[in-house]
Amino acid sequence: TQSTRPQRILGAVQQNATRGDPRSVVRAIDQYCRNQEWAMNVGDEKGCILDSVVSEVNPATVLELGTYCGYSTVRIASLLPPHAKLITLEFNPEFAVIARQVIAWAGLEDKIQLVEGASGDLIPKMKEQFGVETFDLVFLDHWKDRYLPDTKLMEECGLLRKGSVLLADNVICPGTPDYLEFVRSSPRYESQYFKSHLEYTKVEDGLEKSVFLG
Ligand SMILES: C[S@@+](CC[C@H](N)C(=O)[O-])C[C@H]1O[C@@H](n2cnc3c(N)ncnc32)[C@H](O)[C@@H]1O
Ligand SMILES: O=C(c1ccccc1)c1ccc(O)c(O)c1[N+](=O)[O-]
Ligand SMILES: [Mg+2]
């Protein structure tokens, strides 16, 4: 029977990456998606910008919206200090099954909690069910029409504190116009655009970093 793209990505990791070596997992996925078949990982070029923001924030608590195969999950978690925690949300069970295996191959199960379900349902449960106070860093990379409603929901649920950083992928391609307008015009956010390219292509895209001012 025909394999799926996520299954082929997992295969590339198991064939080319070293167990327990997160950066080799990241490299194996980038090589596969650049040379064999495109996939919607944040990728190597935007990934370097992601790395620099993660290192600068040095977060104790991270929320990722949209796991897919776990590429950015592993990339972020590989840079976290000891005892830091990353919660990643994924509502497609097929993708979650693959991501768990990619995360395990990287040896990062202790830092990462993958929760299956829709962000709109899970965000209101973060405090009571997952023992979260606030998030130091949020990586938004799920369906683009959810960035704005979920940001408002995180504010309403008291999950953002003065200084919390939102980092949003794809603000140009496929684009998140309502989110971009909101964070750039709201007095409660200080935003900065990092110009880059859509993963594995020459098409313009970029990341928007927005600091919540409280
Ligand atoms: C672009 S992919 C994530 C890529 C990943 N962040 C990376 O860079 O490797 C988007 C993912 O978000 C998931 N997704 C979309 N909307 C969601 C929602 N509202 N709640 C949870 N997951 C969602 C999709 O199933 C898909 O796997
Ligand atoms: O929406 C797409 C998309 C649209 C059409 C075909 C394939 C992907 C996409 C493209 C690049 C991304 O980095 C990304 O996060 C997404 N996404 O689905 O969230
Ligand atoms: Mg993306």
Side-chain angles (χ1 to χ4, degrees), residues 4-7 9-10 12-13 17 22-23 25-34 37-51 53-54 62-79 86-103 105-106 108 112-126 130 137-154 166-177 179-180 194 196-209:
T4 67
R5 186 169 314 194
Q7 284 170 333
I9 289 171
L10 174 61
V13 166
R23 301 312 286 186
V25 168
V26 167
R27 192 180 324 112
I29 295 174
D30 280 329
Q31 283 174 346
Y32 181 75
C33 294
R34 188 170 281 285
E37 57 178 328
W38 186 92
M40 57 184 171
N41 319 114
V42 69
D44 41 7
E45 190 182 329
K46 289 185 289 180
C48 287
I49 300 166
L50 172 62
D51 290 353
V53 172
V54 173
V62 182
L63 176 63
E64 174 179 68
L65 303 176
T67 316
Y68 188 44
C69 298
Y71 170 92
S72 57
T73 323
V74 165
R75 188 156 191 143
I76 294 167
S78 73
L79 299 174
L86 186 161
I87 295 175
T88 183
L89 310 184
E90 176 53 58
F91 67 2
N92 182 316
E94 265 181 55
F95 296 164
V97 163
I98 299 296
R100 292 189 195 288
Q101 296 174 79
V102 169
I103 290 162
W105 197 272
L108 290 169
I112 296 164
Q113 183 171 7
L114 194 166
V115 186
E116 286 187 51
S119 52
D121 300 333
L122 292 170
I123 286 170
K125 297 174 181 169
M126 280 294 137
F130 302 102
L137 174 67
V138 182
F139 180 49
L140 298 92
D141 193 23
H142 54 339
W143 291 169
K144 309 314 161 192
D145 61 352
R146 286 301 312 177
Y147 283 26
L148 184 51
D150 283 346
T151 295
K152 291 179 172 174
L153 191 56
M154 285 187 287
L166 306 184
L167 187 65
D169 190 25
N170 311 114
V171 295
I172 302 300
C173 177
T176 63
Y179 173 81
L180 217 43
F194 294 83
S196 185
H197 296 94
L198 179 69
E199 49 267 25
Y200 318 115
T201 77
K202 294 184 172 17
V203 174
E204 181 177 344
D205 187 22
L207 299 168
E208 188 83 359
K209 176 191 168 194

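Remember, it's 1-based here, ligands and their atoms both numbered in the order they're listed.
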> Considering non-hydrogen atoms only, spot the tightest contact between Tyr200 and Ala39 and give its length.
CE1-O, 3.4 Å
> Tell me whether Tyr179 contacts the main-chain N or O of Arg146 through its side chain, where contact means a donor paired with an acceptor under 3.5 Å.
no
> Check this for me - ligand 1, Ser72, N or O atoms closer than 3.5 angstrom, yes or no?
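Such a contact does occur with ligand 1.
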> Roughly how far apart are Leu108 CG and Leu86 CG, rounded to 0.5 Å?
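Going from the CG atom of Leu108 to the CG atom of Leu86 covers 9.5 Å.
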> Judged by atom type as modelled, is there a donor-acceptor pair below 3.5 Å linking the side chain of Trp105 to the main-chain atoms of Leu10?
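The answer is no, because no donor-acceptor pair under 3.5 Å joins these two groups.
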> For Asp141, take its heavy atoms, then give the atoms of ligand 2 lying under 4.0 Å from any of them.
15 (O), 19 (O)
> Among all protein heavy atoms, pick the one closest to atom 18 (O) of ligand 2 and tell me residue, atom and distance.
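Nearest neighbour among protein heavy atoms for atom 18 (O) of ligand 2, to 0.1 Å: Trp143 CZ3, 3.0 Å.
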> Asp169 heavy atoms, cut-off 4.0 Å: which ligand 2 atoms fall inside?
13 (O)
> Once you round to the nearest 0.5 Å, how far does OG1 of Thr88 lie from CD1 of Ile76?
8.0 Å
> Under 4.0 Å from atom 12 (C) of ligand 2, is there at least one protein heavy atom?
yes
> Would you mind telling me if ligand 2 is within reach of the side chain of His142, the backbone, both or neither, using heavy atoms under 4.0 Å?
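For His142, only backbone atoms sit under 4.0 Å from ligand 2.
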> Given Ser72, Pro174, Gly66, which has its nearest heavy atom closest to atom 3 (C) of ligand 2?
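That would be Pro174.
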> For atom 22 (N) of ligand 1, what's the nearest protein heavy-atom neighbour? Residue, atom name and distance, please.
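Result for atom 22 (N) of ligand 1: Phe91 N, 3.2 Å.
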> Output yes when a side-chain donor or acceptor of Gln31 lies under 3.5 Å from a complementary backbone atom of Ala28, and no otherwise.
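It does not hold such a pair.
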> Within a distance of under 4.0 Å, is there any protein heavy atom near atom 5 (C) of ligand 2?
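No; the ligand atom in question lacks any protein heavy-atom contact below 4.0 Å.
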> So, does Tyr71 use its side chain to make a donor-acceptor pair with the main chain of Gly43 at under 3.5 Å?
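Here the side-chain-to-backbone pair exists.
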> Are a donor atom and an acceptor atom from the side chains of Glu37 and Tyr32 found within less than 3.5 Å of each other?
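Yes - a donor-acceptor pair under 3.5 Å links their side chains.
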> List the closest protein heavy-atom neighbour of atom 4 (C) of ligand 1: residue, atom name, distance to the nearest 0.1 Å.
Asp141 OD2, 3.2 Å
> Between ligand 1 and Gly117, can you find any atom pair, the residue atom being a heavy atom, that is separated by under 4.0 Å?
yes
> Please determine if Glu116 and Arg100 form a salt bridge, counting it only when a charged side-chain N lies under 4.0 Å from a carboxylate O.
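Arg100 and Glu116: salt-bridged.
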> Can you tell me if, anywhere in Asn41, an N/O/S atom lies at a distance from the Mg ion (ligand 3) that is smaller than 2.8 Å?
no
> Between Arg75 and Gly47 (side chain of the first, backbone of the second, donor and acceptor by atom type, cut-off under 3.5 Å), is there such a pair?
yes
> So does Thr67 get a backbone contact from the side chain of Glu90, meaning a donor-acceptor N/O pair under 3.5 Å?
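Between the backbone of Thr67 and the side chain of Glu90 there is a qualifying donor-acceptor contact (under 3.5 Å).
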> What I want to know is whether Glu199 and ligand 2 share at least one N or O pair that is separated by under 3.5 angstrom.
yes
> Looking only at atom types and distance, does a side-chain atom of Arg27 sit under 3.5 Å from a main-chain N or O of Pro22, one as donor and one as acceptor?
no
> Decide whether an N or O pair under 3.5 Å exists between Asn92 and ligand 1.
no
> Determine, for Arg23 against Asp30, whether the closest basic-nitrogen to carboxylate-oxygen distance falls under 4.0 angstrom.
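Answer for the salt bridge query: no.
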> Give the numbers and elements of all ligand 1 atoms closer than 4.0 Å to a heavy atom of Trp143.
10 (C), 15 (C), 16 (N), 24 (C), 26 (C)
> Strictly under 4.0 Å, does any heavy atom of Asn41 approach an atom of ligand 2?
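Asn41: no contact with ligand 2 (<4.0 Å).
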> How far is atom 14 (C) of ligand 2 from the closest protein heavy atom, and which atom is that?
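Its nearest protein heavy-atom neighbour is Asn170 OD1, 3.3 Å.
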> Before giving the answer on ring-ring contact (aromatic ring centres under 6.0 Å, His included), spell out for His142 and Phe91 the whole-Å C-alpha distance, their side-chain angles and the decisive distance to 0.1 Å.
CA-CA 10 Å; His142 54 339; Phe91 67 2; 8.6 Å; no
> May I ask you to list the atoms of ligand 2 that are less than 4.0 angstrom from any heavy atom of Leu198?
11 (C)
> Return the residue, atom name and 0.1 Å-rounded distance of the protein heavy atom closest to atom 7 (C) of ligand 2.
Trp38 CZ3, 4.0 Å
> At less than 4.0 angstrom from any non-hydrogen atom of Ala118, what atoms of ligand 1 do you find?
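Under 4.0 Å from Ala118, ligand 1 has these atoms: 20 (N).
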> Can you tell me how far apart CD (Gln113) and OG1 (Thr73) are? Round to the nearest 0.5 Å.
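Gln113 CD to Thr73 OG1: 13.0 Å, rounded to 0.5 Å.
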> Could you work out, for atom 3 (C) of ligand 1, the closest of Gly66, Cys33, Gly120, Pro149 by heavy-atom distance?
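Looking at heavy atoms only, the winner is Gly66.
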> For ligand 2, indicate whether the residue Asp205 contacts it via side chain, backbone, both or neither (heavy-atom separation under 4.0 Å).
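Contact part for Asp205 vs ligand 2: neither.
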> With backbone taken as N, CA, C and O and side chain as the heavy atoms from C-beta onward, which portion of Phe95 lies under 4.0 Å from ligand 1: side chain, backbone, both, or neither?
side chain
> Measure the distance from atom 16 (C) of ligand 2 to every protein heavy atom, then report the residue, atom name and distance (to 0.1 Å) of the closest one.
Lys144 CE, 3.7 Å
> Does an N or O anywhere in His142 fall below 3.5 Å from an N or O of ligand 1?
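So ligand 1 has no N or O lying under 3.5 Å from an N or O of His142.
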> Of the protein's non-hydrogen atoms, which lies at the shortest distance from atom 8 (O) of ligand 1, and what is that distance?
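Scanning the protein heavy atoms, the shortest distance from atom 8 (O) of ligand 1 goes to Val42 N, 2.8 Å.
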> Restricting to N, O or S, what is the name of the atom of Asp169 that lies nearest the Mg ion (ligand 3)?
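For Asp169, the N/O/S atom sitting closest to the Mg ion (ligand 3) is OD2.
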> Can you confirm whether the side chains of Glu64 and Ser72 place a donor and an acceptor under 3.5 Å from each other?
yes
> Run the numbers for me: atoms of ligand 1, each under 4.0 Å from some heavy atom of Tyr71, listed by number.
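Close to Tyr71: 9 (O).
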> Would you mind checking if Arg34 and Asp44 are paired as a salt bridge, meaning a charged N to carboxylate O distance below 4.0 Å?
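Result for this pair is yes, salt bridge flagged.
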> Got a sec: is Asp141 within less than 2.8 Å of the Mg ion (ligand 3) via an N/O/S atom?
yes
> Against heavy atoms of Tyr68, which atoms of ligand 1 measure under 4.0 Å?
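It comes down to these atoms of ligand 1: 2 (S), 3 (C), 4 (C), 27 (O).
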> For ligand 1, which atoms, with element, lie under 4.0 Å from some heavy atom of Ser119?
18 (C), 19 (N), 20 (N), 21 (C)
> Show which atoms of ligand 1 fall inside a sub-4.0 Å distance from at least one heavy-atom site of Asn41.
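Answer, ordered by atom number: 7 (C), 8 (O), 9 (O).
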> With only distance considered, is Asp150 within less than 3.5 Å of ligand 1 through an N or O on each side?
no
> Among all protein heavy atoms, pick out the one at the shortest distance from atom 26 (C) of ligand 1; state its residue, atom name and that distance to 0.1 Å.
Glu90 OE1, 3.5 Å
> I'd like to check Tyr147 versus Asp141 (side-chain heavy atoms, cut-off strictly below 4.5 Å). Are they in contact?
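Touching, per the 4.5 Å side-chain cut-off.
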> Do we see a donor-acceptor contact under 3.5 Å between the side chains of Ser196 and Asp205?
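Looking only at side-chain atoms, Asp205 and Ser196 do not form any donor-acceptor pair under 3.5 Å.
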